[in-house]
There are 2 protein chains.
Amino acid sequence: MESAEQERDVDGLMGQFHDYLGKKQLKSTKQRDVIARKFFATDGHLSIEELLALARAENPRIGYATVYRTLKLLTECGLAAQRRFGEGQAMYETAGDTEHHDHLICIECDHVLEFTNDEIERLQEQVARSFGFDLVRHKLELYGMCPKARGIKGGSCPREEAEARD
Amino acid sequence: MESAEQERDVDGLMGQFHDYLGKKQLKSTKQRDVIARKFFATDGHLSIEELLALARAENPRIGYATVYRTLKLLTECGLAAQRRFGEGQAMYETAGDTEHHDHLICIECDHVLEFTNDEIERLQEQVARSFGFDLVRHKLELYGMCPKARGIKGGSCPREEAEARD
DNA sequence: ATTTTTGCAAAATGTTTGCAGATAC
DNA sequence: GTATCTGCAAACATTTTGCAAAAAT
């Protein structure tokens, strides 16, 4: 179960995005570029609202609709993936350059860690096959309490660590 | 990986619901009873809209808000669980009398099968522990193509089987 | 009698869409 | 030049809430 975090090749991803636009005879615009670039440059999970804020930092006239439409394009071409953790609005994360991963979410501090586990993946295949299914994809989310949330001495809360870094 | 389907003790569940209402000094009403009973009596997954329709068959004056509020109560006391598969509205399923289970969803016909797999559960615990987390709950959804959807001779689509039974 | 609940309609979310003007090809 | 895109506002879909009348304790 390796923690999945790595350098992201923003320019390469922008290239893939432009390829997709070209193939579909769609146009490459300033807005789409700003939104996609900000999106690719961000680790972790972004809401539409957060991405809009990032994009507006560069071009204040960008509207909600354009972010929604751009994120839909990115999802279509496999460069973004929509996630719905708890309630509320959808979150998006970069996909495509990243290996598949699952999520471990602290129910106390809401921080999201990513992980993969080959053994679980293998068993999932096995389950699907046992029902005659061809497994296409899956979603696995573990919800629990991080060490700090449990009040363990010396334990640290992933969210507080992350915030301390900012 | 046993298929999870069993008799449901509707009266027992109604009892649990009434106990909860009593404990919280909430009132037991005709509407809540109709909604809860219809909900408990239904296998599988129900949307608010479907449950409203079932309830209105018995009492046409029941409104959306009451269904939402009742389902929220049922969720609070652990007798219902909210699920969000793809997009759109939330689905609810009976919980409490039923063992935990995960979902296997056909991306072609949308039918949802339930399963459990102890080995996967064990590995999930292990992953959570390796990050210092106390695992509280999890969500595992497998998306794939059922035999019929894959066009295998003699294969059957779970949804078509289900519809044939109606 | 008091407190909670209901049903309605209005408000609050989160997301999509229609359209006139702007932009990319 | 033509087709697509943008930003806005309006439409939409789902869920929540305020309130006066109704029902439960």
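Remember, predicted model here, so these are calculated numbers, not experimental data. Protein chains get the first letters and strands the later ones, always in sequence-line order, with residue 1 at the start of each.
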Can you work out whether A:Ala65 or A:Leu73 has the more 5'-proximal nearest nucleotide on DNA chain D?
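By nearest-heavy-atom nucleotide position, the 5'-most residue is A:Leu73.
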
Residue met sooner reading DNA chain D from 5', once A:Thr29 and B:Tyr68 are mapped to nucleotides
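Result: A:Thr29.
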
List the atom of A:Glu121, the atom of A:Asp102, and the distance in Å for their closest heavy-atom pair.
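So the two residues come closest at OE2-OD2, 3.4 Å.
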
Nearest heavy-atom neighbours spanning B:Glu76 and B:Tyr20:
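B:Glu76 and B:Tyr20 have their closest heavy atoms at OE1-OH, 2.8 Å.
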
Check the distance between [N]'s [atom2] and [X]'s [atom1] and give it to me in whole angstrom.
X: A:Glu49; N: C:dG14; atom1: CD; atom2: C1'; value: 10 Å
X: A:Phe17; N: D:dC5; atom1: CZ; atom2: C1'; value: 12 Å
X: A:Asp33; N: C:dT23; atom1: CG; atom2: C1'; value: 13 Å
X: B:Leu52; N: C:dG7; atom1: CG; atom2: C1'; value: 12 Å
X: B:Ile48; N: C:dG7; atom1: CD1; atom2: P; value: 14 Å
X: B:Gln31; N: D:dA23; atom1: CD; atom2: P; value: 9 Å
X: B:Tyr20; N: C:dT4; atom1: OH; atom2: P; value: 14 Å
X: B:Ile62; N: C:dT5; atom1: CD1; atom2: C1'; value: 12 Å

Side-chain donor/acceptor of B:Lys30 to base of D:dA23, under 3.5 Å:
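For B:Lys30, whose side chain was compared with the base of D:dA23, there is no donor-acceptor pair (under 3.5 Å).
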
Report the residue (B:Asn59 or B:Lys27) whose heavy-atom-nearest nucleotide on DNA chain C is the more 5′ of the two.
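Nearer the 5' end of the strand: B:Lys27.
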
Inspect the surroundings of CD in B:Glu119 and state if more than 12 heavy atoms from other residues, nucleotides or ligands are less than 6.0 Å away.
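Atom CD in B:Glu119 is crowded, with more than 12 foreign heavy atoms closer than 6.0 Å.
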
Among D:dT6, D:dT15, C:dT17, find the nucleotide with the atom closest to the side chain of A:Thr66.
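Per side-chain heavy atoms of A:Thr66, the pick is D:dT6.
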
At under 4.0 Å, does any side-chain N or O of B:Arg32 touch on OP1 or OP2 of C:dT6?
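Yes.
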
For C:dT4, does either OP1 or OP2 sit under 4.0 Å from a side-chain N or O belonging to B:Gln25?
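So the side-chain polar atoms of B:Gln25 never come under 4.0 Å of the phosphate oxygens OP1 or OP2 of C:dT4.
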
Distance only, no hydrogens: is a donor on one side chain within 3.5 Å (strictly under) of an acceptor on the other, for B:His138 and B:Glu125?
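B:Glu125 and B:His138 do not have a side-chain donor-acceptor pair below 3.5 Å.
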
Thinking salt bridges, do A:Asp11 and A:Arg37 make one under a 4.0 Å N-O criterion?
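Judged by the 4.0 Å cut-off on N to carboxylate O distance, A:Asp11 and A:Arg37 do form a salt bridge.
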
At 4.0 Å (heavy atoms only), tell me whether B:Arg69 reaches a base, stays on the sugar-phosphate, or touches nothing.
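Base, at least one base heavy atom under 4.0 Å.
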
